[in-house]
Amino acid sequence: MARHLITSALPYINGIKHLGNMVGSMLPADVYARYLRQRGHDVLYICATDEHGTPAELAAKEQGLPVDEFCAQAHDAQKAVYDGFALAFDYFGRSSSPENREITQHFARKLHENGFIEERAIRQVYSPTDGRFLPDRYVEGTCPHCGYDKARGDQCENCTRVLDPTDLINPRSAISGSTDLEVRETKHLFLLQSKLENEVREWVARHDKDWPQLASSIAHKWLTEGLHDRAITRDLDWGVPVPADTWPELAAEGKVFYVWFDAPIEYIGATKEWADQDPENRDWKSWWYEADDVRYTEFMAKDNVPFHTVMFPATELGIREPWKMVDYVKAFNWLTYYGGKFSTSQKRGVFTDQALDILPADYWRYFLIANAPESDDSSFTWEHFTATVNKDLADTLGNFVNRVLSFSKKRFGEEVPAGGEAGEAEARLGEEIARLLAEYEEQMEALQFRKAASALRALWSAGNSYLEEKAPWLQIKTDKDAAALTLRTAMNLIHLYAVVSEPLIPATSAAMRQAFSLQDDTAAWVTPAEAKSLTTVPAGTPFTVPPVLFAKLTDEDLEAYKERFGGESA
């Protein structure tokens, strides 16, 4: 059985992330990791904060903090939100760690030894107003390709084309806004991607049949445009320093590696951080080095795809060492807010800490996965959110659990009733549950999250259909045993729902499972064959009625959300 390594795109350290960021990487990775663990696989889910680069320096300066202190506080703040969303990372690290510094410098040395890093004198934008060279992200201007007037010097957010600061029309400092910019000469290290282009092209081609079209098309778009040699160092105070034993002059000048060089390496660095916490029992290298038994899956939004399917693979190929390369890239489109982009800088949309202030995590987890932007962009609206919560969570699942347990407690007491033997209706239900569960498993294995959520919703609906067909509230009047059988069968459905819904709604699943006082309730999963019998919860099992699982959202709630966050098209 393969071991599964899972990573999600590193959230940048600067600011709490919005729901689009959550659904584009970390949440689906968590759902998949939880599912695989339940199926008995050995899983390692790694993520970290991406802490280097000018934005971190500027944010720290604004708050009057040393940059390392700012990053430590911001890391803890982000981690608290991810804990609130019940993201079950095996480890959530920091790209500023000593482990990442060590491995990044090793990679750079090996690339240099193999002839894939070259020192070049370049002309770089300098701002006399700011008294510093401007890293490419902090030169802004108009994109020469699409005309977007807020393009950065490394990439245009609008058309995703890779840029250099000198490509921009009407460039300005993103720090001060000054247009008084000069071009001065300085030295930097370049990754010779042009020498690795054919190897990267062949590697991407080997994955064409496996990867989602979104991931492979973006990778091929970059390759069609040709891989250019890219500067991988910057003039900053904060970052992985260029090693003095290899480049003494640049090290003396304080050069650090470009954040997009060291950030993907942090997947490996964070795994070493994880292992260093318990070195006697954890072997980080077995997950990354000569790790032929590992299946590696990455989760990310489409803007991160080029770096993970082209740039970082070029780095790994150039090292000429057997480091694990990604097997499957699960790429996502954008989740929009009423048709416009979520924006951290413009404070547009719902941010993850705000979401948890409004409602518990399972409301958000289910909605986001059920509407994941897989085949195309999807739009978040408060109308859609409240309708989904009310129909799927409150009515289909929550109401089913409440009315089954409440009615049984009222008419039969606080133990699962016995009733008669299962009949034709129960046999049909078992077959239907097995079919739907197999569909759910198939979609989860294929990383088709919207379809998986749809199959899970159909499982919940099957219980409601059975209950309506059998109508125990009528059966009780003429055949108490028949009513007891119906309720016992429905309680077994609740337990099954508790087990198989856990990847999407873990807190609710725990509440459903804890409703039954079962001895040795250690089932990690229920297979379709096992699901047919619906006998996991036997007669006589004590149970309690949990609090309301999902509250219905009212028109007043909807109006309050729209007033607070806005509810108009962009």
Side-chain angles (χ1 to χ4, degrees), residues 5 7 9-10 50 52-53 95 100 103-120 122 136-137 154-155 160-164 188-208 210-211 214-234 239-240 242-243 246-247 255-269 288-291 296-298 300 302-331:
L5 174 65
T7 63
L10 308 185
D50 179 5
H52 293 139
S95 68
N100 192 43
I103 297 170
T104 297
Q105 291 179 340
H106 169 77
F107 276 28
R109 291 187 187 100
K110 296 302 294 185
L111 287 165
H112 177 62
E113 289 175 18
N114 296 330
F116 296 119
I117 285 183
E118 181 176 285
E119 185 176 329
R120 294 180 181 176
I122 66 168
D136 45 16
R137 276 181 170 241
D154 62 340
Q155 186 179 24
T160 74
R161 293 287 289 269
V162 176
L163 301 170
D164 285 314
H188 281 287
L189 299 180
F190 278 71
L191 176 64
L192 305 184
Q193 293 185 136
S194 60
K195 294 176 66 173
L196 291 159
E197 180 174 335
N198 288 336
E199 292 180 57
V200 175
R201 191 181 304 277
E202 291 173 4
W203 178 78
V204 169
R206 291 199 297 271
H207 293 283
D208 278 346
D210 303 325
W211 287 0
L214 179 62
S216 60
S217 64
I218 291 174
H220 281 293
K221 180 175 181 287
W222 263 42
L223 290 166
T224 298
E225 294 170 359
L227 295 192
H228 304 288
D229 302 338
R230 296 284 291 172
I232 58 168
T233 52
R234 294 292 185 271
V240 174
V242 169
T246 309
W247 295 283
K255 307 285 187 184
V256 300
F257 286 107
Y258 175 40
V259 64
W260 260 112
F261 182 75
D262 80 86
I265 298 171
E266 167 59 8
Y267 297 132
I268 306 172
W288 284 102
Y289 197 85
E290 296 181 334
Y296 177 21
T297 306
E298 290 181 343
M300 69 199 69
K302 58 187 176 184
D303 57 330
N304 283 324
V305 168
F307 300 99
H308 289 81
T309 60
V310 176
M311 185 172 175
F312 186 48
T315 296
E316 288 192 285
L317 289 167
I319 292 166
R320 303 297 193 232
E321 292 180 340
W323 293 95
K324 180 65 184 176
M325 298 181 70
V326 66
D327 294 299
Y328 191 84
V329 177
K330 178 61 178 179

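As the structure is a computational prediction, the values presented were derived from the model and not from experiment.
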**Q** With a 4.5 Å cut-off on side-chain heavy atoms, are Arg230 and Asp164 touching?
**A**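 Yes, side chains in contact.
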**Q** What I want to find out is whether Arg206 reaches Asp327 closely enough, with some N-O distance under 4.0 Å, to be called a salt bridge.
**A**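 Between Asp327 and Arg206 there is no salt bridge, as every charged N stays at least 4.0 Å from the carboxylate O atoms.
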**Q** Go through Phe107 and Asp262 one step at a time and tell me if the side chain to side chain contact (heavy atoms under 4.5 Å, CB included) criterion holds.
**A** CA-CA 9 Å; Phe107 276 28; Asp262 80 86; over 6 Å; no
**Q** Just so I know, are the side chains of Lys255 and Trp247 near enough to count as touching, which here means a heavy-atom distance under 4.5 Å?
**A**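 Of all side-chain heavy-atom pairs linking Trp247 with Lys255, none is under 4.5 Å.
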**Q** So, do Ile319 and Leu111 sit near enough that their side-chain heavy atoms are less than 4.5 Å apart?
**A**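 A side-chain contact under 4.5 Å exists here.
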**Q** Does Val259 offer a backbone N or O that forms a donor-acceptor pair with the side chain of His52 under 3.5 Å?
**A**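 Side chain of His52 to backbone of Val259, a donor-acceptor pair under 3.5 Å: no, none is there.
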**Q** Distance from Lys302 atom NZ to Leu214 atom CG, nearest 0.5 Å?
**A**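 Answer for the NZ-CG pair, Lys302 versus Leu214, is 7.0 Å.
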**Q** Are Thr7 and Tyr296 packed together at the side-chain level, in the sense that at least one heavy-atom pair is separated by less than 4.5 angstrom?
**A**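 The answer is yes, as the side chains (C-beta and beyond) meet within the 4.5 Å cut-off.
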**Q** Are side-chain heavy atoms of His112 and Glu119 found at a separation under 4.5 Å?
**A**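 No. Closest side-chain heavy atoms not under 4.5 Å.
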**Q** Return the orientation label for the Trp211 and His207 ring planes: parallel under 30°, perpendicular over 60°, tilted otherwise.
**A**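 Because their plane-to-plane angle is under 30°, the rings of Trp211 and His207 count as parallel.
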**Q** Please name the pair of heavy atoms, one in Lys324 and one in Ala291, separated by the smallest distance, quoted to 0.1 Å.
**A**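 Looking at all heavy atoms of both residues, the closest pair is CD-O, 3.8 Å.
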**Q** How long is the span from the CD1 atom in Ile218 to the OG1 atom in Thr309, to the nearest 0.5 Å?
**A**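 That separation rounds to 7.5 Å.
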**Q** Would His308 and Trp260 count as a close aromatic pair, with their ring centres under 6.0 Å?
**A**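 Ring centres of Trp260 and His308 closer than 6.0 Å.
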**Q** Could you go through Phe312 and Val326, starting from their C-alpha distance and side-chain angles, then the distance that decides it, and tell me whether this counts as side chain to side chain contact (heavy atoms under 4.5 Å, CB included)?
**A** CA-CA 10 Å; Phe312 186 48; Val326 66; over 6 Å; no
**Q** Would you check if Leu163 and Gln155 make a side-chain contact, meaning some heavy-atom pair closer than 4.5 Å?
**A**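 No. Closest side-chain heavy atoms not under 4.5 Å.
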**Q** Start with the C-alpha distance between Leu5 and Trp288, add both sets of side-chain angles, then the distance that settles side chain to side chain contact (heavy atoms under 4.5 Å, CB included), and finish with yes or no.
**A** CA-CA 9 Å; Leu5 174 65; Trp288 284 102; 3.5 Å; yes
**Q** Rounded to the nearest 0.5 Å, how far apart are CZ of Phe307 and CH2 of Trp222?
**A**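 Result: 4.5 Å between the selected atoms.
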**Q** Taking all non-hydrogen atoms of both residues, which atom of Ala108 and which atom of Phe257 are closest, and how far apart?
**A**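 Heavy atoms only, the tightest pair is CB-CZ, 3.4 Å.
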**Q** Tell me whether Glu113 is salt-bridged to Arg109, with the criterion being a basic N under 4.0 Å from an acidic carboxylate O.
**A**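 Salt bridge between Glu113 and Arg109, a charged N being under 4.0 Å from a carboxylate O: no.
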**Q** At their closest point, which heavy atom of Leu227 faces which heavy atom of Glu197, and how far apart are they?
**A**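 Closest heavy-atom pair between Leu227 and Glu197: N-OE1, 3.2 Å.
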**Q** Minimum heavy-atom separation for Ala9 and Tyr267, please, with both atom names.
**A**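 What the structure gives for the nearest pair is CA-OH, 3.5 Å.
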**Q** Side chains of Arg234 and Phe261, heavy atoms from C-beta outward: is any pair under 4.5 Å?
**A**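 No, too far: nothing below the 4.5 Å cut-off.
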**Q** Would you tell me whether Ser216 and Asp208 have side-chain atoms, one donor and one acceptor, within less than 3.5 Å of each other?
**A**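 No, no side-chain donor-acceptor contact under 3.5 Å.
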**Q** Under 6.0 Å between ring centres: does that hold for Trp323 and Tyr289?
**A**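 Distance test on ring centres: under 6.0 Å, yes.
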**Q** Quick one: pull up CE in Met325 and OG1 in Thr315 and give me the separation to the nearest 0.5 Å.
**A**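 Between atom CE of Met325 and atom OG1 of Thr315 there are 9.5 Å.
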**Q** List the atom of Ala263, the atom of Leu10, and the distance in Å for their closest heavy-atom pair.
**A**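 Minimum heavy-atom contact is O-CD1, 3.3 Å.
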**Q** Consider only side-chain N and O atoms of Glu321 and His106, and report whether a donor and an acceptor are under 3.5 Å apart.
**A**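 There is such a pair between these side chains.
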**Q** Do Glu298 and Asn304 pass the side chain to side chain contact (heavy atoms under 4.5 Å, CB included) test, and can you show the C-alpha distance, the side-chain angles, and the key distance before you say yes or no?
**A** CA-CA 11 Å; Glu298 290 181 343; Asn304 283 324; over 6 Å; no
**Q** Can you tell me how far NZ of Lys221 sits from OG1 of Thr160, rounded to the nearest 0.5 angstrom?
**A**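 The NZ atom of Lys221 is 4.0 Å from OG1 of Thr160, to the nearest 0.5 Å.
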**Q** Identify the heavy atoms of Ser194 and Asp229 that sit nearest to each other, and give their distance.
**A**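 Shortest heavy-atom separation between Ser194 and Asp229 comes out as OG-OD1, 2.7 Å.
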**Q** If I take atom CG from residue Asn100 and atom CD1 from residue Ile265, how far apart are they, to the nearest 0.5 angstrom?
**A**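 Here the interatomic distance stands at 6.5 Å.
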